[in-house]
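Structure first, then comments.
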Amino acid sequence: MIILLLCVVLLCPTVYSSDASVEWCYHEPRCDSTTWSKNVHDYCSGTRQSPINIVTSNIMANSKLTPFNFTGFDDNSTFFSIGNTGDSVVVSLDGDKMTVEGGDLPSKYTSVQFHLHWGNGSSVNGSEHTVDGKRYPMELHIVNVHSKYNGNAKAAIDAKDPNGLAVLGFFVEGSSVTSKSKGWEILTSFLPNITNSSVTTTDIINTTTMNSLLEGVDRTKYYRYQGSLTTPRCNEIVIWTVFKDPIKVNHDLIQLFSTTVQFKGTSTKMANNFRGVQNMNGRIVTSQVASAASSTVIALTFYILAILPFICWL
Ligand SMILES: *[C@@H]1O[C@H](CO)[C@@H](O)[C@H](O)[C@H]1NC(C)=O
Ligand SMILES: *[C@@H]1O[C@H](CO)[C@@H](O)[C@H](O)[C@H]1NC(C)=O
Ligand SMILES: *[C@@H]1O[C@H](CO)[C@@H](O)[C@H](O)[C@H]1NC(C)=O
Ligand SMILES: *[C@@H]1O[C@H](CO)[C@@H](O)[C@H](O)[C@H]1NC(C)=O
Ligand SMILES: *[C@@H]1O[C@H](CO)[C@@H](O)[C@H](O)[C@H]1NC(C)=O
Ligand SMILES: *[C@@H]1O[C@H](CO)[C@@H](O)[C@H](O)[C@H]1NC(C)=O
Ligand SMILES: *[C@@H]1O[C@H](CO)[C@@H](O)[C@H](O)[C@H]1NC(C)=O
Ligand SMILES: [Zn+2]
């Protein structure tokens with residue numbers, strides 16, 4: 001029964017508060033995401049920004065993208081608290097229990113929090129990444145910090161380490177099946193308690209697991225690229241993993257996000273809290289070999305085109 005106004009203690013270690021002095025928002029023209037590259041020049045106007053539109057025909061095969069080892073994802077004591085940061089709903093995680101490694105990440109990573117991005121009701125989809133232009137209703141981001149920073153995301157940000165964070169992105173797709181959304185039922189049951197910005201509750205402890213929220217997702221198939229935080233200061237310190245297979249969540253539960261919690265400093269419902277896609281600037285998205293067969297076809301096509309003049313000449 002305790003609602004804690006403990007933003008400073010519980011939420012400020014998250015990436016959201018990397019620089020509180022920068023004013024930014026999603027919902028007002030003077031500070032919405034179209035203004036960030038100007039208002040937050042470092043680093044929102046950089047060349048390795050996120051999110052991106054993943055063009056599947058341009059993906060390159062990478063055989064090093066093996067399955068991950070997830071630790072603590074089945075443990076119901078890893079969720080510390082759930083809070084409204086004014087820009088998203090964030091669950092703080094127990095980094096001593098939850099880690100991610102493998103999948104061609106350069107180290108073991110400590111899971112520190114997850115949060116969500118969504119649209120508005122059933123009319124606007126709100127994932128940050130898109131695939132061949134398709135936007136999903138919602139996107140879940142699990143933020144993980146390189147083991148050398150001992151779970152301190154701020155230290156990774158200050159170090160400007162391009163491998164400082166590894167964020168796992170999961171698309172959320174609407175489903176009419178209710179039975180498979182148990183974890184999401186539990187998660188959304190806390191939303192009425194955190195409608196106001198800066199409110200946090202620890203009642204979520206021991207109620208559910210990360211695996212429960214990711215139920216049914218094939219976690220061996222994913223896209224990989226180098227990018228940034230999708231909120232100011234948009235630091236370019238993120239190894240992105242975006243899973244192909246969406247989480248299927250009941251439509252009604254997805255709707256609760258845009259109808260329950262409020263943006264910071266307002267009574268406006270939090271909706272459309274996603275950034276638009278950014279330029280690739282020559283970056284390449286890689287993926288597992290099997291599903292990247294098209295890149296072999298492309299390579300073969302280039303090869304044939306290259307030798308064609310010689311064949312004709314002969
Ligand atoms: C959470 O919200 C529900 C519904 O509004 C309420 O019944 C419950 O007492 C609240 N819990 C806390 C801890 O405030
Ligand atoms: C993942 O876990 C398996 C089984 O515990 C282990 O053999 C393997 O070395 C681990 N891989 C990484 C990258 O940690
Ligand atoms: C939102 O996503 C759903 C399911 O992924 C799709 O069927 C629908 O067309 C999308 N809606 C909009 C408005 O983009
Ligand atoms: C939310 O804030 C309003 C005023 O801004 C206040 O009246 C209300 O009690 C707050 N609700 C909670 C759950 O703290
Ligand atoms: C959560 O469960 C663990 C054991 O599984 C227990 O030690 C701890 O006291 C519980 N915490 C709360 C807040 O219920
Ligand atoms: C949490 O996990 C502990 C230990 O595995 C288990 O005893 C307990 O019943 C679980 N609680 C819930 C709510 O699932
Ligand atoms: C969401 O949609 C409602 C009406 O459907 C509208 O009043 C509200 O302004 C929208 N929110 C945002 C942030 O666009
Ligand atoms: Zn995010």
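Heads up: numbering here begins at 1 and tracks the sequence.
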Item to check | All pairs passing salt bridge (Lys or Arg N to Asp or Glu O under 4.0 Å) where residues 118-140 contributes a residue, at least two apart | outcome: Lys134-Glu173
Item to check | Heavy-atom pair of closest approach, residues Gly72 and Met98 | outcome: O-CG, 3.6 Å
Item to check | Between Asp245 and Tyr222: side-chain donor-acceptor atoms closer than 3.5 Å | outcome: no
Next on the checklist: Is it true that Thr209 and Asn211 share a donor-acceptor pair across their side chains at a distance under 3.5 Å?
Outcome noted: no
Checklist entry - Quick check, are the ring centers of Phe171 and His117 under 6.0 angstrom apart? => result no
Checklist outcome for this item: With sequence neighbours left out, the residues meeting side-chain contact (heavy atoms from CB on, under 4.5 Å) with Lys38 are none
Item to check | Ring centres under 6.0 angstrom apart (Phe190, Phe79) | outcome: no
Next on the checklist: I'd like to know if the side chain of Ser198 pairs up with that of Lys264 as donor and acceptor (distance under 3.5 Å, no hydrogens or angles considered).
Outcome noted: no
Checklist entry - Any chance the rings of His41 and Trp36 have centres within less than 6.0 Å? => result no
Next on the checklist: Could you go through Asp218 and Lys244, starting from their C-alpha distance and side-chain angles, then the distance that decides it, and tell me whether this counts as salt bridge (charged side-chain N to carboxylate O under 4.0 Å, His left out)?
Outcome noted: CA-CA 8 Å; Asp218 177 354; Lys244 295 182 186 181; over 6 Å; no
Next on the checklist: Would you call the rings of Trp118 and Phe257 parallel, tilted or perpendicular, taking 30° and 60° as the class edges?
Outcome noted: tilted
Checklist entry - Is a side-chain donor-acceptor pair under 3.5 Å present for Thr202 with Ser81? => result no
Checklist entry - Will you find, in the side chains of Gln278 and Arg48, an N or O donor that is under 3.5 Å from an N or O acceptor? => result no
Next on the checklist: With a 3.5 Å distance limit and no angle check, can you tell me whether Asn281 reaches the backbone of Thr47 through a side-chain donor-acceptor pair?
Outcome noted: yes
Item to check | Criterion side-chain hydrogen bond (donor to acceptor under 3.5 Å, both in side chains) on Tyr223 and Thr56, from CA distance to verdict | outcome: CA-CA 9 Å; Tyr223 306 108; Thr56 53; over 6 Å; no
Checklist entry - With under 30° as parallel and over 60° as perpendicular, where do the rings of Phe68 and Phe70 fit, or are they tilted in between? => result tilted
Checklist entry - Any side-chain donor paired with an acceptor under 3.5 Å for Ser111 and Asn144? => result yes
Next on the checklist: Checking Ile254 now: which residues fulfil side-chain contact (heavy atoms from CB on, under 4.5 Å) with it, not counting sequence neighbours?
Outcome noted: Pro137, Met138, Val172, Val249
